[in-house]
Student: 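Below are the structure tokens for one structure; questions will follow.
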Amino acid sequence: MDFLSAFISQIPFFEYLEGIVYFVSAILSSILLALSIYAYRKKYVKKILFAVMAFAFFTFYLFFESAEFFLPVLATLPFIDIVAAAITTVVLIFFFLSITKKA
């Protein structure tokens with residue numbers, strides 16, 4: 001396994017693969033955000049609004065993670081992991097509210 005890890009780490013594409021995956025996920029999350037905003041504007045259901053907020057924070061989180069990967073100066077900030085964990089918690093809270101709240 002050490003040989004495989006050493007081999008993969010020498011290929012430049014694999015060094016950026018994590019950031020690329022985060023960025024592609026952020027774009028897909030942006031599409032889901034736009035679709036949920038569209039659904040909310042058609043129905044004005046409060047549950048959808050919670051989902052909109054969850055997708056908004058999730059999209060921000062994914063762009064944040066991809067920026068952290070491509071801008072190494074962000075990774076050196078001491079509070080960066082706390083911010084990422086807090087955003088994840090906020091996303092989970094909004095998804096929880098969208099499932100449990102009554103219309």
Side-chain angles (χ1 to χ4, degrees):
M1 205 58 164
D2 291 326
F3 173 74
L4 183 60
S5 298
F7 178 71
I8 288 176
S9 68
Q10 292 186 10
I11 301 172
F13 174 73
F14 284 108
E15 292 179 12
Y16 296 104
L17 186 59
E18 183 181 1
I20 291 168
V21 169
Y22 274 123
F23 187 74
V24 169
S25 297
I27 291 175
L28 292 174
S29 181
S30 298
I31 293 169
L32 288 172
L33 174 62
L35 289 173
S36 61
I37 290 171
Y38 176 74
Y40 177 73
R41 292 187 71 192
K42 283 192 82 144
K43 300 286 182 177
Y44 292 103
V45 176
K46 193 173 185 179
K47 285 182 162 192
I48 297 175
L49 185 60
F50 288 125
V52 166
M53 294 303 294
F55 280 124
F57 278 100
F58 189 62
T59 301
F60 175 73
Y61 168 76
L62 290 171
F63 278 119
F64 180 75
E65 284 294 322
S66 64
E68 180 183 358
F69 187 80
F70 290 115
L71 301 172
V73 71
L74 290 177
T76 62
L77 298 174
F79 59 87
I80 211 77
D81 291 332
I82 295 171
V83 170
I87 294 171
T88 303
T89 304
V90 169
V91 168
L92 289 174
I93 289 170
F94 277 119
F95 274 130
F96 176 79
L97 289 174
S98 71
I99 292 170
T100 59
K101 285 289 187 180
K102 292 185 179 183

Student: For the backbone of F95 and the side chain of S98, can you confirm whether one donor and one acceptor N or O come within less than 3.5 Å of each other?
Tutor: yes
Student: Restricting to ring pair (Phe, Tyr, Trp, His ring centres under 6.0 Å), what partner residues turn up for F79, sequence neighbours left out?
Tutor: none
Student: Can you tell me how far apart CG (L35) and CD1 (I48) are? Round to the nearest 0.5 Å.
Tutor: 11.5 Å
Student: Answer yes or no: is there a side-chain heavy-atom contact under 4.5 Å between S25 and V21?
Tutor: yes
Student: Indicate, with yes or no, if M53 and I93 share a hydrophobic cluster defined by side-chain heavy-atom contacts under 4.5 Å among Ile, Leu, Val, Met, Phe, Trp and Tyr.
Tutor: yes
Student: Any non-hydrogen side-chain atom of V91 less than 4.5 Å from a side-chain atom of T88?
Tutor: no
Student: Which value, rounded to the nearest 0.5 Å, describes the distance between I87 atom CD1 and F64 atom CZ?
Tutor: 5.5 Å
Student: From T59 OG1 over to I27 CD1, what is the distance, rounded to the nearest 0.5 angstrom?
Tutor: 10.5 Å
Student: What residue pairs, at least two apart or across chains, pass ring pair (Phe, Tyr, Trp, His ring centres under 6.0 Å) with a residue in residues 17-39?
Tutor: F23-F63
Student: If we only count heavy atoms from C-beta on, is the L33 to F58 side-chain gap below 4.5 Å?
Tutor: no
Student: Verify the ring-centre separation between Y40 and F50: is it less than 6.0 angstrom?
Tutor: no
Student: Quick one: ring pair (Phe, Tyr, Trp, His ring centres under 6.0 Å) partners of F94, sequence neighbours excluded?
Tutor: F57
